[in-house]
Visitor: 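Here it is, the structure, as structure tokens.
What you are looking at is a predicted structure, and each value in this text was computed from that prediction instead of being measured.
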Amino acid sequence: MAKYENVTSNVDNTAGDTINASLNSIVSEYSRLTSEIANLELLEKQLSEVKSSASSGMVAPKQSDYEEYEDYAAAYNAYINSLSQGNSAETSTQISGILAQYGFTARSEVAKSISEMSASANTLKNGISATLETLGGTSGEITSDIEQVRVILTEKVSNGDDGVAVQNAIVQIINLSNKISGNLSAESVIKSISLQNRKVDELLLPFAEIASGEGEDGISLKKAPMELKAQLENQIKNAVTEINTIYALNGVNETVLIDDYIMHDIYLLPLVNLVKPTTRSIAIICLTIALLTDIFSLVFAMIFQKQKSILSLKSVNQVIRRDDSLFEKNVISALMVSIKSEFGGSLSETMDISVLLERLAEFVAKFHSTNVGASQGYSLQAPQSELEHFDAMLAFLSQFGLVKIVSSDYYSELSSEVTSSNVPVCEGNVVMMKTKFLLWCNGKWNDIFAVTDERSKP
């Protein structure tokens, strides 16, 4: 099927180019005719001026040579007749030679050619004059008339004017051009202007622009799917109508059917294609391939499933549920960072398990039991100033909700709600720890001690 872009891609200058070519041919033909007429008129003048010289071989009789006057008169008349016959023959010979040089055989042919060319030139001149008057101009010399017609039509065609005056002018110009040569169609030129007027950059509005509008009740079309569907179907209907109009104007023997562009629900479309006899076989094949693809994708996903990076997890709870060892590795890393922060050295020197256990115990030992925050699950507290080298540990545990860093003012407010007298006074930020982290630490210590004790047995 011919594409809309291909059909309308070359319509911009078709009418203007055809009009200019026709006017140029008229100018050339008129110039040729006037030049030929001038040459033939010079030929006529040359023929009219042809004179024969007196024949040099004939001598006029003398009266003294005759005794009787009657004899002299008869001889002189015979001389005159011979001289006339000789002049006519010589004149005829000269005229035939001149005519032959111009391709004529008789002087009447010259007169006929001048008459025909004059008629053709007058036809062109009168036609251009009539065309200019049709466009509202004032006629004068033919050359200036043609340029006026060219300027006026160029402006009107570029503006997409296909009114009656423009159409009549185009018909007159094309008819004059066809009398010279060619077989141009004024109708096709007029259709070209109509095509140019109908050409649009976007046959269909972008979906986002349509969806951003509002329905009749003022509700956004994004929230009214049925109205949005109706708007889209109306866009498609208008586009199909426009394409068929463009095809007809451009002589494309095709028709776009609106039934080929009916909008179906995406979930029902496979079933619709199953019902249609023309698409049933391909629909079955596509559905079978889709089903097999889903099955194989599921099977291969289960077989070749890879462990995802921790960075792919969206919450800290997913980290805890995924693997307890992952939480343990992060605690160990935080302890190694704290040792390097305080004592320096390389990370390899902090890999000893006993060193890490002692560092963990040192971290926990900095906390003191308290009732402040018990309602929120926090039973231990320590001034943040005493945890100077445990920033990585605090950041990690804060993300998991196992510690909470609060200001001294906020801590004082929490302390005022506690009736116990054993509430330490803190200055600066306070770190509050939940009991369940202490329980986790106790479990890890016990596991390691059990393994160490098992290994120490003989």
Side-chain angles (χ1 to χ4, degrees), residues 4-42 110-201 242 245-252:
Y4 173 78
E5 293 82 358
N6 296 339
V7 174
T8 59
S9 60
N10 60 345
V11 303
D12 292 335
N13 298 318
T14 301
D17 292 344
T18 304
I19 292 171
N20 281 325
S22 298
L23 290 174
N24 290 338
S25 67
I26 293 172
V27 171
S28 298
E29 180 64 10
Y30 186 81
S31 299
R32 186 190 70 80
L33 289 173
T34 54
S35 177
E36 289 289 337
I37 291 172
N39 291 334
L40 292 178
E41 288 177 346
L42 289 175
V110 178
K112 181 179 179 182
S113 295
I114 293 175
S115 176
E116 291 176 350
M117 290 182 180
S118 298
S120 297
N122 288 331
T123 299
L124 295 179
K125 183 177 180 180
N126 295 334
I128 290 297
S129 178
T131 302
L132 183 58
E133 292 176 358
T134 300
L135 295 172
T138 303
S139 62
E141 294 295 329
I142 184 171
T143 53
S144 62
D145 289 354
I146 289 176
E147 291 308 313
Q148 287 188 65
V149 170
R150 190 193 306 274
V151 171
I152 295 173
L153 278 181
T154 298
E155 181 180 0
K156 289 184 177 295
V157 169
S158 63
N159 293 331
D161 187 349
D162 58 351
V164 176
V166 174
Q167 292 187 24
N168 290 338
I170 291 174
V171 170
Q172 291 170 339
I173 292 172
I174 297 301
N175 288 340
L176 290 176
S177 178
N178 287 338
K179 289 180 179 180
I180 299 169
S181 64
N183 188 25
L184 298 175
S185 170
E187 182 181 1
S188 64
V189 178
I190 296 171
K191 284 183 178 180
S192 177
I193 301 175
S194 300
L195 277 172
Q196 182 177 341
N197 292 339
R198 302 188 73 92
K199 182 181 178 181
V200 293
D201 294 332
E242 181 66 17
T245 302
I246 294 293
Y247 281 0
L249 287 173
N250 211 47
V252 178

Visitor: Excluding sequence neighbours, so at least two apart, what forms side chain to side chain contact (heavy atoms under 4.5 Å, CB included) with Thr123?
Guide: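 Partners of Thr123 under the side chain to side chain contact (heavy atoms under 4.5 Å, CB included) test: Leu176, Lys179.
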Visitor: Drop me the distance from Ile173's CD1 to Ile128's CD1, to the nearest 0.5 angstrom.
Guide: 6.0 Å
Visitor: Go through the structure and list residues passing side chain to side chain contact (heavy atoms under 4.5 Å, CB included) with Glu147, not counting sequence neighbours.
Guide: Arg150
Visitor: Using every non-hydrogen atom in the two residues, find where Ala169 and Leu135 come nearest and quote the distance to one decimal.
Guide: CB-CD2, 3.7 Å
Visitor: Residues two or more places apart in sequence or in another chain: which of them pass side chain to side chain contact (heavy atoms under 4.5 Å, CB included) with Leu40?
Guide: Leu43, Phe104, Val110, Ser113, Ile114, Met117
Visitor: Could you work out, with side-chain hydrogen bond (donor to acceptor under 3.5 Å, both in side chains) as the rule, every residue matching Ser22, not counting sequence neighbours?
Guide: none
Visitor: Please give me the minimum heavy-atom distance between Tyr30 and Ile142, naming the atom from each residue.
Guide: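 The pair with the smallest heavy-atom distance is CE2-CG2, 3.3 Å.
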Visitor: If you look at every heavy atom in Leu33 and Ser120, which pair is closest and at what distance?
Guide: CD1-CB, 3.6 Å
Visitor: Which residues pass the side-chain hydrogen bond (donor to acceptor under 3.5 Å, both in side chains) test with Ser25, sequence neighbours left out?
Guide: Ser177
Visitor: Run the side-chain hydrogen bond (donor to acceptor under 3.5 Å, both in side chains) test against Glu29 and tell me which residues pass, sequence neighbours left out.
Guide: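 Counting only residues at least two positions away or on another chain, Glu29 forms a side-chain hydrogen bond (donor to acceptor under 3.5 Å, both in side chains) with Arg32.
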Visitor: Kindly state each residue pair satisfying salt bridge (Lys or Arg N to Asp or Glu O under 4.0 Å) with at least one member in residues 115-142, sequence neighbours excluded.
Guide: none
Visitor: Identify, with sequence neighbours excluded, every residue that meets side chain to side chain contact (heavy atoms under 4.5 Å, CB included) alongside Ser31.
Guide: Val27
Visitor: Taking only residues two or more places apart in sequence, or in another chain, which ones meet Glu41 in a salt bridge (charged side-chain N to carboxylate O under 4.0 Å, His left out)?
Guide: none
Visitor: Consider side chain to side chain contact (heavy atoms under 4.5 Å, CB included). Of Thr131, Val149, Ile146, which one does Ile26 pass it with?
Guide: Ile146
Visitor: Flag the pair Asp145 / Gln148 as yes when at least one side-chain heavy-atom distance between them is below 4.5 Å, and no otherwise.
Guide: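 Yes. Closest side-chain heavy atoms under 4.5 Å.
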